[in-house]
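Lettering follows sequence order; numbering is per chain, from 1. Treat the numbers as computed from the prediction; the structure is a model and nothing was measured.
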There are 2 protein chains.
Amino acid sequence: MLKTRGNMKPTANAPAFQPLYRQIKSLITQSLVTGEWRPGEPIPSEIELAGRFSVSQGTVRKAIGELAGENLLVRQQGKGTFVASHSEERSQFPYLRISPDRGALDSLAATLIDCRKVKLDSASAKKLDLASGAGAFLITRVLSISGRNAVYEEVRLPATRFRGLTVETIERHHCMLYSMYESEFEVRILHVDEQIKAVAAEGAATRHLGITKGAPLLTIERVAYTYADKPVELRRSFCNTREHHYRNRIV
Amino acid sequence: MLKTRGNMKPTANAPAFQPLYRQIKSLITQSLVTGEWRPGEPIPSEIELAGRFSVSQGTVRKAIGELAGENLLVRQQGKGTFVASHSEERSQFPYLRISPDRGALDSLAATLIDCRKVKLDSASAKKLDLASGAGAFLITRVLSISGRNAVYEEVRLPATRFRGLTVETIERHHCMLYSMYESEFEVRILHVDEQIKAVAAEGAATRHLGITKGAPLLTIERVAYTYADKPVELRRSFCNTREHHYRNRIV
DNA sequence: GAGTGGTCTAGACCACTCA
DNA sequence: GAGTGGTCTAGACCACTCA
């Protein structure tokens with residue numbers, strides 16, 4: 001079917017050789033992007049895919065293995081392979097790196113403050129790959145971690161991708177944004193980049209976290225990406241680290 | 001040889017089944033821990049290992065693949081498989097997450113301030129799995145990133161593992177600590193855990209970074225681990241984030 | 001051209017899930 | 001017991017490195 005094995009017309013300074021399993025990987029990714037298989041649903045079995053693509057099960061396995069490594073698919077022995085979903089992950093908040101200093105993260109609650117339409121300033125627009133002045137939703141909320149108000153967040157979403165977003169939509173999902181993006185807007189977050197700084201508290205953050213102006217505050221500026229490294233969310237978090245911290249493991 | 005295939009005496013509430021390739025992985029790891037193969041050196045070829053362990057090349061490949069995924073081994077097509085080494089990694093500072101806000105990280109210099117013996121307080125000792133009052137080396141230094149003094153660090157190392165450490169040893173390695181641990185003390189850092197907070201600047205950090213007392217400062221408390229999740233370094237970094245930030249990608 | 005890791009196959013069998 | 005993913009093999013051939 002595809003099967004163009006080995007070296008395929010190497011262009012001037014280009015990569016050339018693409019192994020078969022990577023071509024299969026691309027085909028599977030396509031089906032994920034187009035929504036042929038949706039978050040939470042099983043994809044066809046390895047044997048069925050091998051038949052469909054006219055390759056061996058081992059080649060399909062290798063393609064699926066890489067996609068599972070990238071957290072796009074989840075394999076379950078005996079059951080099947082499923083499209084990863086933010087509504088089903090063991091951690092409801094896989095990208096939340098704030099933990100209490102003592103004890104485990106035993107509870108997490110989000111309080112929505114506001115959701116309204118704004119125009120993006122040029123810096124924000126650039127980070128979202130949009131033109132300056134483009135329309136966006138601005139969501140503000142407070143996260144309470146283990147019973148303490150610890151984080152104040154401003155989330156910006158491109159108006160075009162999130163058309164029709166309302167306070168009710170957000171609250172229906174109990175403020176679990178990435179799960180909401182997925183099920184309501186077919187926007188699947190695949191990875192996030194964060195830049196972290198220590199700043200002196202001011203403005204809305206002081207009010208909502210109940211801290212004094214000038215107190216040290218951790219800021220996290222996040223850009224969240226979907227398929228093809230397309231940025232689809234901009235988030236600025238202000239975190240009171242008196243009793244919490246940002247945790248990270250590097251291997 | 002080992003070859004006890006399939007389910008091997010499942011104990012009461014225990015994991016049971018260990019696939020062959022994981023046994024091979026353990027054997028290879030053993031050779032890394034004991035130093036049979038040393039950082040930077042090649043390990044035997046897949047075919048040779050397959051013969052030695054009486055398994056197929058595919059099984060060896062799977063074991064090596066996991067170890068490469070954990071950054072313990074590095075594969076190079078056509079050349080061989082090598083023991084990963086901090087002296088050879090593409091980035092000389094794989095665990096340094098501080099970047100300048102504008103422009104790339106174009107230069108990095110460390111200035112050693114001091115290295116002396118201290119006794120560990122109980123909190124530090126606990127993090128290093130040692131008894132309170134245990135001897136340690138305390139290294140203090142300043143990192144200059146793209147020409148700006150951005151980080152002041154205090155590094156604590158257990159005296160027993162780092163016997164004979166001197167200022168000269170550190171300077172001989174141009175302050176590249178993890179490379180020094182590896183080549184001088186056979187201590188290989190495999191992963192680090194970090195806790196990050198925003199605090200008000202005080203003490204030595206204000207002096208060495210030239211900032212005023214009370215200014216917001218990012219602190220990174222790091223525990224670095226070697227084989228078997230054994231902690232071997234404790235590091236507290238104080239980072240001026242006026243023109244720099246801590247970057248993180250979460251997938 | 002010899003030696004390395006990388007890909008791919010076909011086939012056997014295993015562990016696990018679920019009805 | 002049927003169906004899934006997981007392991008393992010033996011063997012063929014490919015891409016890459018280095019002398």
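Look at C:dA2: its Watson-Crick or wobble partner, with both distances under 3.5 angstrom, is D:dT17.
Rounded to whole Å, atom P of D:dC8 lies 15 Å from atom CD of B:E46. Distance B:Q57 CD to D:dC8 P: 15 Å, rounded to the nearest Å. The interatomic distance linking A:F53 (CZ) with C:dC8 (P) rounds to 14 Å, in whole Å. In this structure, A:Q76 places its CD atom 14 Å from P of C:dC16, rounding to the nearest Å. In this structure, CZ of B:R61 is placed 7 Å from P of C:dT7, rounded to the nearest angstrom. One interatomic measurement links the two molecules: NZ of A:K25 to C1' of C:dT7, which rounds to 15 Å at whole-angstrom precision. One can place CD of A:Q18 at 12 Å from P of D:dC16, the figure rounded to the nearest angstrom. Atom CG in B:L20 sits roughly 13 Å away from atom P in C:dC14 (whole-Å rounding).
Ring geometry for A:Y181 versus A:F162: interplanar angle over 60°, hence perpendicular rather than tilted (30 to 60°).
No option in A:I28, A:I64, A:V83, A:L32 other than A:L32 meets the side chain to side chain contact (heavy atoms under 4.5 Å, CB included) test with A:L72.
Side-chain nitrogen and oxygen atoms of A:T59 include at least one within less than 4.0 Å of the OP1 or OP2 phosphate oxygen of C:dT9. For the pair A:R75 and D:dG6, the criterion of a side-chain N or O lying under 4.0 Å from OP1 or OP2 is met. OP1 or OP2 of C:dG3 has not a single side-chain nitrogen or oxygen of B:S45 nearer than 4.0 Å. A close approach under 4.0 Å does occur between a side-chain nitrogen or oxygen of A:K62 and OP1 or OP2 of C:dT7.
Once rounded to the nearest 0.5 Å, the distance linking CD of B:E153 with CG of B:L112 reads 11.5 Å.
Looking at which nucleotide of DNA chain C each of A:G58 and A:G78 is closest to, the 5′-most match is held by A:G58.
With D:dC8, D:dT4, D:dC18 as the choices, the nucleotide that has an atom nearest any side-chain atom of B:P19 turns out to be D:dC8.
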